[in-house]
2 protein chains.
Amino acid sequence: MRLRDERHKRILQMIEEKLFLKVSEAAEMLGVTEMTIRRDFKYLENQGLITRIHGGAKKKTKDQYIELSHTEKKALNIKEKKYVAEKAAKLIENNDTIFIGPGTTTEFIYDYIDVSSLNVITNSISIFNRFQENKNFNVILIGGRLRERTKTFVGYFTSKWIRDIKVQKAFIGTNGIDGDQITTADEEEGAIQRIVLKNSNYRYIITDSTKFGVCAFQKICNVNEVTAIITDNKIPVEYKNFYEEICKIIN
Amino acid sequence: MRLRDERHKRILQMIEEKLFLKVSEAAEMLGVTEMTIRRDFKYLENQGLITRIHGGAKKKTKDQYIELSHTEKKALNIKEKKYVAEKAAKLIENNDTIFIGPGTTTEFIYDYIDVSSLNVITNSISIFNRFQENKNFNVILIGGRLRERTKTFVGYFTSKWIRDIKVQKAFIGTNGIDGDQITTADEEEGAIQRIVLKNSNYRYIITDSTKFGVCAFQKICNVNEVTAIITDNKIPVEYKNFYEEICKIIN
DNA sequence: TCGTTAATGTTCGAAAATGTTCTTTTTTGT
DNA sequence: ACAAAAAAGAACATTTTCGAACATTAACGA
């Protein structure tokens, strides 16, 4: 006979490699009753480690998002992202109160900021951590429910709380700019961004040039509502001409 | 070298390579009674070297999510803290909405919770991280300004936002219980705790028995306002008698 | 040597883990 | 849709482990 935790560990191993494990199988392999295995499965399910189904248990399927994961995305177009981030950072002045939304580009903004005092609001853990390093900055994290994929807080409470915040400048990353619409891939994050834009004097859209002509799932706002679009200089000239009619393009 | 130390060394070796070790196995191998092995395990656990489980012990999984200043504190009275945490966890029922405040004791509560669905609210990063692991729990972090030392959110916004939250049960750690007052060491955290207690149906104070007779800097509330004080069984009998007149003592 | 203290062993009631039995629910085959 | 078969779950029984209290043994200095 073995220890309970040891059994749990082996159950997890088996499920990991076989994806599915029958109660009867497990009982025989581990030399205990099926009842015990059921109790083990129940415990492991409560821990959020497996999914129980009639007759056994299976590996927990993580929700598949269309978006690339945080770390994967980061690798792409670093040079362009840094360029854009630097342009954005130049717009930030001493004693500003700014919002910085989640995004792989916006994360670089911190590196180029050159002010001695600043108030920063964000719902992104990565952004928060970066700015938190600097003791001269007053940083506020908007909490709520965590969207694991992007390490960003979203949902009812985040929306509610973000309404309390008024900022001078908002920097919002985006997944697509098409026609007169600015769009993002995630519904929940989009909801937050819309509120932020309403509560900001200056509204900056941060995007690399590959996002022009891309239409993502969720509309954030119209192009004519933003103060400027900040992008890199690989933006095709036809897009540049088109959007310069509507709003400012910084690149 | 003493016999006892020799045994301890061998126990650690065995656990290191096998990850698990039964009391009975160890007893046979080392030629001593199971009682002795239990005493050894107990000692080694208090040294923070292994984790004891029913029937044996296992290798300690290092918690990487807690920062240094915390881990130091944590080494003290582990046994009592776990005991208290377990008592607290038993009060948590399926589908509850609970608040868990920052603290080295409250962090252990997670380990003893046995429900399949739960809503958790906290302003502590450590607590948030722990509960976030479990996909069956709905976890809300209250943001704001970060108090680095305890990795806890405090300040104007935290207070404001926490007012939006109503919970069934609040678990609040404390630094001192003296006379009819419950006190804490930090003014900003105290302010948050006061609000939480107002918005909770059941108010549980989590504390180890060494805090009785200690008066910290900031008053949180009066003893008669709380539902129960959860503490360990080393509480001096005169305190126990005194406080049992005013509120419930769980230990 | 003795007396003192620390370590280990023993006993036993309580608690935890596991097993058993029987009933209810789900699945499956027709 | 139905009945038979398989699995799950509730309640109770059994076994194992724990830990407190006390007894015994070993260790060591005066």
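Not measured: the values here are computed from a predicted model. Each chain gets a letter, A, B and so on, in the order its sequence line appears, and its residues count up from 1.
Across all their heavy atoms, B/Gln193 and B/Gly173 have their closest contact at NE2-O, 3.7 Å.
Put simply, CZ on A/Arg2 is 14 Å from P on C/dG19, counting in whole angstrom units. Rounded to an integer number of Å, the gap from CG of A/Asp40 to P of C/dA17 is 11 Å. Distance, B/Arg7 CZ to C/dA7 P: 10 Å, rounded to whole Å. Distance, B/Glu28 CD to D/dT17 P: 13 Å, rounded to whole Å. Summarising the geometry, the separation between CG on A/Leu3 and C1' on D/dC18 is reported as 14 Å, rounded to the nearest angstrom. The CZ atom of B/Phe41 sits 12 Å away from the P atom of D/dG19 (whole-angstrom rounding). When the P atom of C/dA7 is taken as reference, atom CD of B/Glu6 falls 16 Å away, rounded to whole Å. Going from atom CG of A/Leu30 over to atom P of C/dT18 covers 11 Å, rounded to whole Å.
Dashed line: the shortest gap from a side-chain N or O of B/Thr33 to OP1 or OP2 of C/dG9 is under 4.0 Å.
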Can you give the donor-acceptor pairs under 3.5 Å from side chains of residues 23-35 of chain A to other protein atoms, not counting sequence neighbours?
| from | atom 1 | to | atom 2 | distance (Å) |
| --- | --- | --- | --- | --- |
| A/Glu25 | OE1 | A/Lys22 | N | 3.1 |
| A/Glu25 | OE2 | A/Lys18 | NZ | 2.8 |
| A/Glu34 | OE1 | A/Arg38 | NH2 | 3.4 |

Mind listing the side-chain donor-acceptor pairs of residues 9-16 of chain A below 3.5 Å, one per line with the distance, residues two or more places apart or on another chain?
| from | atom 1 | to | atom 2 | distance (Å) |
| --- | --- | --- | --- | --- |
| A/Glu16 | OE2 | A/Lys59 | NZ | 3.1 |

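Looking at A/Glu189 and A/Arg147, a side-chain N of the basic residue comes within less than 4.0 Å of a carboxylate O on the acidic one, giving a salt bridge. A salt bridge is defined here as a Lys NZ or Arg NE, NH1 or NH2 lying under 4.0 Å from an Asp or Glu carboxylate O, and A/Glu45 with A/Lys60 fails to meet this definition.
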Dot-bracket for DNA chain C, please, read 5' to 3', with Watson-Crick or G-U wobble pairs under 3.5 Å on both distances, ( ) within the strand, [ ] crossing, | other strand, . unpaired. ||||||||||||||||||||||||||||||
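Screening residues 188-234 of chain B for ring pair (Phe, Tyr, Trp, His ring centres under 6.0 Å) gives B/Phe171-B/Tyr204, B/Phe212-B/Tyr239, B/Phe212-B/Tyr243 as the qualifying pairs, with residues at least two apart or on separate chains.
In this structure, B/Gly31 and B/Glu86 both approach DNA chain C, and ranking their closest nucleotides by distance from the 5' end singles out B/Gly31. Judged by closest nucleotide on DNA chain C, B/Thr36 is the one of A/Arg4 and B/Thr36 placed further toward the 5' end.
Ring-centre distance between B/Phe153 and A/Phe128: below the 6.0 Å cut-off.
Not counting sequence neighbours, B/Tyr83 has no partner by the ring-ring contact (aromatic ring centres under 6.0 Å, His included) test.
Residue-environment remark: NZ (A/Lys219) exceeds the threshold of 12 foreign heavy atoms within 6.0 Å.
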Between protein and nucleotides 6-11 of chain D, map the contacts as a letter string: B base, S sugar-phosphate only, - none, heavy atoms under 4.0 Å, written 5' to 3'. -SBSB-
